[in-house]
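This report refers to the structure that appears directly beneath it.
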Amino acid sequence: MKINSQIIFLIAIVGIIAAGVVGATLLNNGSMKQVDFDGIKVNVPSDSNFVKTADGYADSKYGITIHTFKNNDSMVNFLKGVTGASVISLKNQPPQSVAFVQGDNTNILLTNGAEGISIGAKDQSLVTDMSNSVVFSNHQKSVKPKVAVPGIAPPPHLEFNFDFDKINALVLQVNNEIFNMAILQQNINTTINDYNAAANNNTLDQYTANEFVQNPTTGSAVVNNNAQQQNTSLMDNPQASTLLQSAGSDSQVSSDSSSASSSASQDSSVQSSSNGAVSAPSSTPTSAGDSSSSSDNQQLEKLSVDDIYAFAMQKYPGKTIDKKDIKDKGDYYTVVVKDPSGGSQKVKFNAFTGEYEGKVSS
């Protein structure tokens, strides 16, 4: 079989791309897995090895420390006990959180108003990624929902008095030289401005993208797993796959070459499907009358009341909505929307995607 110079050139390019893929894998902290810490779930590096300590959990490989809290008083006492630290602003810092540096470590304390978790490590990107993966025991997520429906729901924006009201209440109780409202608001406003600018520029997905690969495995807080081997097949890289497919179509090589290309294409398709299963499910709105919505919903995690409240406020700006009037009905939530004039209406939002599903018939 004779291979022309174009094929050889393209194979060389593929090799360069593959080398870049391997290099990138070595430079980051590898894949992530979800681990349960006292009922609060967090994505942590797959090869981390946590041990229970007197006041939380620690991993020696990445220097990660995790503390969980089951009430507001314990979080206030924790912040009061922090010394030699300073509050900072972090890119993509999640709502209801305060970030601070203490020595070489970066820490983020998050709360849902009833419980909380503090995550610390030397790698700021790792701390931010872990913090954005938190799922509290009431299924509330640390991240802000990013669903935006053109003409109906605007891109999500962070607001200091709405998205950080619970952490504000904690800092008000601490009120010392490290944690006080003036310092918190100054730093949080920087995070808010950057996040909102990305939302306005339609670059929110890039701005909030994790630097670490998510893996769907789960486990308990104290784990001892070996590092998961990364698949570095050339066909796993879409650029390499495209180049090879282009070469196969432009050059009439032998049938053996075509067969090999077809096999590689099938492997690439399988790997792509596998990667799709690994990534977090997207909150793609579905029609209220779509018969496939129930099966799709089974693959999505149910949204919390706070999530639905955020969607409802985006849908009905200027109207009054009380969280206690949001009711879980299984596949959807009902929400009571009140007008300034005193009138009200009851509407539905999909419990898994947050999509508006119309008024509730009386």
Side-chain angles (χ1 to χ4, degrees), residues 24-70 74-75 78 82 88 90-112 115-144 167 208-231 274-281 301 304:
T25 301
L26 294 176
L27 287 175
N28 68 26
N29 283 331
S31 61
M32 304 282 278
K33 64 182 175 184
Q34 190 180 68
V35 174
D36 188 301
F37 295 90
D38 301 327
I40 303 176
K41 296 175 182 176
V42 185
N43 287 352
V44 299
S46 292
D47 55 347
S48 55
N49 183 20
F50 283 90
V51 295
K52 190 80 168 66
T53 64
D55 58 350
Y57 302 89
D59 162 69
S60 59
K61 182 176 179 64
Y62 297 94
I64 304 170
T65 57
I66 290 181
H67 306 279
T68 60
F69 311 93
K70 291 303 179 183
S74 59
M75 284 181 273
F78 171 79
V82 173
I88 61 172
L90 289 178
K91 174 189 174 184
N92 197 24
Q93 182 178 330
Q96 307 300 0
S97 70
V98 57
F100 59 94
V101 291
Q102 187 178 31
D104 294 332
N105 283 352
T106 297
N107 304 267
I108 297 181
L109 172 68
L110 306 98
T111 180
N112 66 350
E115 59 184 352
I117 185 169
S118 172
I119 302 172
K122 292 183 179 180
D123 189 326
Q124 282 192 353
S125 296
L126 177 58
V127 173
T128 306
D129 284 352
M130 288 190 293
S131 298
N132 277 294
S133 73
V134 170
V135 180
F136 291 100
S137 61
N138 67 346
H139 307 298
Q140 179 179 343
K141 298 179 181 179
S142 57
V143 293
K144 187 178 181 71
I167 195 68
T208 59
N210 286 354
E211 296 190 14
F212 300 83
V213 181
Q214 182 179 348
N215 189 302
T217 57
T218 59
S220 60
V222 183
V223 295
N224 185 12
N225 292 337
N226 295 325
Q228 296 190 3
Q229 184 177 1
Q230 299 293 321
N231 189 336
S274 173
N275 287 340
V278 167
S279 61
E301 186 167 349
S304 68

Would you indicate whether the side-chain heavy atoms of [Y] and [X] approach each other to under 4.5 Å?
X	Y	result
V82	F100	yes
V134	P94	no
T68	E115	no
K91	T128	no

Ignoring hydrogens and geometry, is there a side-chain-to-backbone donor-acceptor pair from [X] to [Y] under 3.5 Å?
X	Y	answer
D59	N49	yes
K122	D104	no
S46	S31	yes
N132	N92	yes
Q96	I167	yes
Q102	N107	no

Nearest-0.5 Å distance, [atom1] of residue [X] to [atom2] of residue [Y]:
X	Y	atom1	atom2	answer
Q140	N112	CD	CG	5.0 Å
S131	L126	OG	CG	9.0 Å
D38	I117	CG	CD1	8.5 Å
F37	Y57	CZ	OH	7.5 Å
K41	K141	NZ	NZ	11.0 Å
I119	S142	CD1	OG	7.5 Å

Smallest separation among heavy atoms of [X] and [Y], with atom names:
X	Y	result
F136	T111	CZ-C, 3.8 Å
M130	P45	SD-CD, 4.3 Å
G116	I40	O-CD1, 3.5 Å
L110	S97	CG-CB, 3.9 Å

* With side-chain contact (heavy atoms from CB on, under 4.5 Å) as the test, would you mind laying out the steps for D55 and F78 before giving the verdict? => CA-CA 11 Å; D55 58 350; F78 171 79; over 6 Å; no

* Got more than 12 heavy atoms from elsewhere within 6.0 Å of NZ, K144? ->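 Buried by this count: over 12 neighbours within 6.0 Å.
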
* To do: Could you check D47, V44, D123 and say which one makes a side-chain contact (heavy atoms from CB on, under 4.5 Å) with Y62?
  =>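 Checked D47, V44, D123 against Y62; only one passes side-chain contact (heavy atoms from CB on, under 4.5 Å): D47.
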
